[in-house]
Number of protein chains: 2
Amino acid sequence: MVKHYSDRLDATFHALACPTRRGMLASLMSGEKTVSALAEPYAMSLAAVSKHIKKLEVAGLVERKVEGRTHYCRLNAKNMAEAHAWMERYRRFWEGKLDLLEALLEAEDREKETK
Amino acid sequence: MVKHYSDRLDATFHALACPTRRGMLASLMSGEKTVSALAEPYAMSLAAVSKHIKKLEVAGLVERKVEGRTHYCRLNAKNMAEAHAWMERYRRFWEGKLDLLEALLEAEDREKETK
DNA sequence: ACTATATTTAACCACATGGTTAAACATTAT
DNA sequence: ATAATGTTTAACCATGTGGTTAAATATAGT
């Protein structure tokens, strides 16, 4: 199996498929954070955190600015757009289904009234 | 490591992090399909396809109706809603950033005009 | 120069993932 | 009853994942 999450969507969805990484993104919504600040809520080594951040970076969801020995991470939510747009297709699909359902129910109601 | 993708979001994003499974969902947009129909575009065994479908099922994205020896799969796009909603938060975030940028540019423009 | 701080990298481990083939299961057709 | 069809399950394999600890790297403070 030769799988490198080369595809951007793969990388993005994979990055999001983990509560730790989603938590980190949420944490970054309130602004730039250093690696250790990001690590703080989690009971795991910095080495592990470092890897999580790297995945977020590879997926383009997080950007890093190195200043001396400190690494500042910030959210790049814009790069979630592709994945969001992908899902949007399905949102339309399920809304379409609901619209159809609604139409059917309305039709049923009219049926009753004229009975 | 004890990870079971118990969380619904985990399961959903994980299911989506694979081109094969995304392809299957896309294929189901045009209507119900049997397992072998779903498998047809892919150069892999039915056994492998079966496992992919199961993941989509566990994530609640696909539902199965067994009729005799044939299994009919259909899309349940509605169960993508949670993941979509999760991303929506971030869409607002990046739109907010764009709005802010726009505001800044406008402010700059006004600056120039009054100069 | 020495030490402390911030972080990554390397080597390792247990378990997950995505594939395979072969066999089992369930249903339909002959 | 036998054979063919549609699908899953079991056993297996190579590689990926998410964690660990220990060492390396880079910078800042004394």
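In what follows, every chain begins at residue 1, and chains take the letters A, B, ... in the order their sequences are listed.
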Task: A/Glu82: salt bridge (Lys or Arg N to Asp or Glu O under 4.0 Å) partners, not counting sequence neighbours - done: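 A/Glu82: no salt bridge (Lys or Arg N to Asp or Glu O under 4.0 Å) contacts found.
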
- [ ] Taking salt bridge (Lys or Arg N to Asp or Glu O under 4.0 Å) as the test, write out the residues that go with B/Arg92, two or more places apart.
- [x]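 B/Arg92: no salt bridge (Lys or Arg N to Asp or Glu O under 4.0 Å) contacts found.
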
TODO: Kindly write out the residues that satisfy side-chain contact (heavy atoms from CB on, under 4.5 Å) with A/Ala47, not counting sequence neighbours, or none if the list is empty.
DONE: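 A/Ala47: side-chain contact (heavy atoms from CB on, under 4.5 Å) contacts with A/Ser45.
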
TODO: Kindly write out the residues that satisfy side-chain contact (heavy atoms from CB on, under 4.5 Å) with A/Ala26, not counting sequence neighbours, or none if the list is empty.
DONE: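 A/Ala26 satisfies side-chain contact (heavy atoms from CB on, under 4.5 Å) with B/Arg89, B/Tyr90 only.
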
Open item on the list: What is the separation between atom CG on A/Leu46 and atom C1' on C/dT7, rounded to the nearest whole Å?
Closed with: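 Between C1' of C/dT7 and CG of A/Leu46: 7 Å.
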
TODO: Calculate the interatomic distance between A/Ile53 atom CD1 and C/dT9 atom C1'; express it in whole Å.
DONE: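 My rounded result for the distance is 15 Å.
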
Task: Residues touching DNA chain C, which here means a heavy atom under 4.0 Å, drawn from residues 20-41 of chain A - done: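 Of all residues in residues 20-41 of chain A, the ones placing a heavy atom under 4.0 Å from DNA chain C are A/Thr34, A/Val35, A/Ser36.
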
TODO: Determine whether A/Leu56 and A/Leu46 fall in the same hydrophobic cluster, where Ile, Leu, Val, Met, Phe, Trp and Tyr are linked whenever their side-chain heavy atoms lie under 4.5 Å apart.
DONE: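 Yes, one cluster joins them.
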
Task: Candidate nucleotides D/dG19, C/dT9, D/dT9, ranked by approach to the side chain of A/His52 - the nearest - done: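 Nearest listed nucleotide: D/dG19.
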
Open item on the list: Considering only residues two or more places apart or on different chains, which pairs with a residue in residues 37-48 of chain A satisfy salt bridge (Lys or Arg N to Asp or Glu O under 4.0 Å)?
Closed with: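 Residue pairs with at least one partner in residues 37-48 of chain A: there are none.
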
Open item on the list: Strictly by salt bridge (Lys or Arg N to Asp or Glu O under 4.0 Å), give each pair with a member in residues 14-37 of chain B just once, sequence neighbours left out.
Closed with: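 Of all non-adjacent pairs touching residues 14-37 of chain B, those that pass salt bridge (Lys or Arg N to Asp or Glu O under 4.0 Å) are A/Asp7-B/Arg22, A/Asp10-B/Arg22, B/Glu32-B/Lys65.
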
Task: With B/Arg74 via side chain to side chain donor-acceptor pair (under 3.5 Å) - residues at least two apart - done: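 If we apply the side chain to side chain donor-acceptor pair (under 3.5 Å) test to B/Arg74, skipping adjacent residues, the hits are B/Glu63.
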
- [ ] Classify the nucleic acid contact of A/Lys54 as base, sugar-phosphate or nothing, counting any heavy atom under 4.0 Å across all strands shown.
- [x]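 If one applies the 4.0 Å heavy-atom cut-off, A/Lys54 turns out to touch the sugar-phosphate alone, with no base involved.
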
N/O-N/O pairs, protein side and nucleotides 27-30 of chain D side, under 3.5 Å:
residue, atom, partner, partner atom, Å
D/dT27, O2, A/Arg69, NH1, 3.2
D/dA28, O4', A/Arg69, NH1, 3.3

- [ ] Could you tell me, to 10°, how much the axis swings from one end of the helix from C/dA1-D/dT30 to C/dT30-D/dA1 to the other, five pairs per end?
- [x]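 Comparing the first five pairs with the last five, the axes sit 10° apart.
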
Task: Residue pairs passing the ring pair (Phe, Tyr, Trp, His ring centres under 6.0 Å) test where at least one lies in residues 38-71 of chain A, sequence neighbours excluded - done: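 Sorted pair list comes back empty.
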
- [ ] Apply ring-ring contact (aromatic ring centres under 6.0 Å, His included) to B/His84 and list each qualifying residue two or more places apart in sequence or on a separate chain.
- [x]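 Only A/His84, A/Trp94 meet the ring-ring contact (aromatic ring centres under 6.0 Å, His included) criterion with B/His84.
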
